[in-house]
Amino acid sequence: DAGITQSPRHKVTETGTPVTLRCHQTENHRYMYWYRQDPGHGLRLIHYSYGVKDTDKGEVSDGYSVSRSKTEDFLLTLESATSSQTSVYFCAISVGRTDTQHFGDGTRLSIL
Amino acid sequence: GESVGLHLPTLSVQEGDNSIINCAYSNSASDYFIWYKQESGKGPQFIIDIRSNMDKRQGQRVTVLLNKTVKHLSLQIAATQPGDSAVYFCAENRYGGSQGNLIFGKGTKLSVKP
């Protein structure tokens with residue numbers, strides 16, 4: 001157990017509404033990541049953070065923003081959700097110098 | 001474009017047999033590879049990793065083989081059990097750096113028949 005909690009675990013919302021997903025870690029790791037997982041695409045990196053207030057874009061960052069105001073929390077925001085953002089979202093953390101990433105159990109987000 | 005992929009999308013094996021799941025990668029600069037297992041409704045779970053300075057690494061019932069010549073990675077599971085049924089992903093660290101920007105394959109679904 002890597003001490004990662006994602007919330008909410010499930011959410012259904014409407015197109016155009018803002019949505020924020022939270023990732024909380026208890027082990028003070030520096031690196032945190034947000035991925036989305038879709039059939040036929042596997043896991044794709046949205047944004048990642050390498051420290052408090054230090055973030056960078058991943059492969060599929062359009063339409064998403066992130067914030068990290070403290071080490072333990074990494075927030076993913078969809079400013080105006082679209083149906084194409086219906087997906088399962090996973091948070092991950094990096095443990096140690098080997099860069100192994102450990103994942104939370106995901107948030108299933110449906111945009112209607 | 002460059003990507004990490006898998007040769008087989010599904011694999012069905014008999015309980016007790018050995019399983020081999022394959023993965024191809026295209027970036028010769030990648031120096032770190034990981035296998036993950038993902039059960040339904042859960043996040044990917046780390047199984048085993050290997051660095052490019054190694055050809056083989058063994059864990060408990062699992063072995064990862066790396067062939068850099070043909071850019072091929074495989075995961076061998078010995079004496080496959082029903083609890084091994086899951087989707088297995090390989091991932092590569094394409095940048096070889098400390099940021100850990102992993103690139104994932106699409107996954108192979110392993111089904112174990114009792």
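Per chain, numbering begins at 1; letters A, B, ... match sequence-line order.
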Looking at every non-hydrogen atom in both residues, tell me the closest pair between B/Phe46 and A/His102 and how far apart they are. CB-CE1, 3.9 Å
For the residue pair A/Thr100 and B/Ile34, what are the closest heavy atoms and their distance? CA-CD1, 4.1 Å
d(A/Arg44 CZ, B/Ile103 CD1) to nearest 0.5 Å is 11.5 Å
Between A/Tyr33 and B/Leu102, does the side chain to side chain contact (heavy atoms under 4.5 Å, CB included) criterion hold? Intermediate values first, please. CA-CA 10 Å; A/Tyr33 309 83; B/Leu102 292 176; over 6 Å; no
Non-hydrogen side-chain atoms of B/Phe89 and A/Gln37 separated by less than 4.5 Å: yes
Are the aromatic rings of A/Phe103 and B/Tyr36 close, with centres under 6.0 Å apart? yes
What part of A/Leu45 gets closer than 4.5 Å to chain B, counting heavy atoms only: side chain, backbone, both or neither? side chain
Structural part of A/Arg9 lying under 4.5 Å from a heavy atom of chain B: side chain
Where the side chain of A/Asp105 meets the backbone of B/Gly43, is there a donor-acceptor pair that is under 3.5 Å apart? yes
Relative to chain A, which segment of B/Gln38 carries a heavy atom at a distance below 4.5 Å: side chain, backbone, both, or neither? side chain
Between [X] and [Y], is there a shared hydrophobic cluster once you connect ILVMFWY residues whose side-chain heavy atoms come closer than 4.5 Å?
X: B/Val13; Y: B/Leu65; value: no
X: A/Leu75; Y: A/Tyr48; value: no
X: A/Val52; Y: A/Ile93; value: no

Answer yes or no: are there more than 12 heavy-atom neighbours, outside B/Glu15 itself, under 6.0 Å from its atom CD? yes
Exceeds 12 heavy-atom contacts within 6.0 angstrom, atom CD of B/Gln14: yes
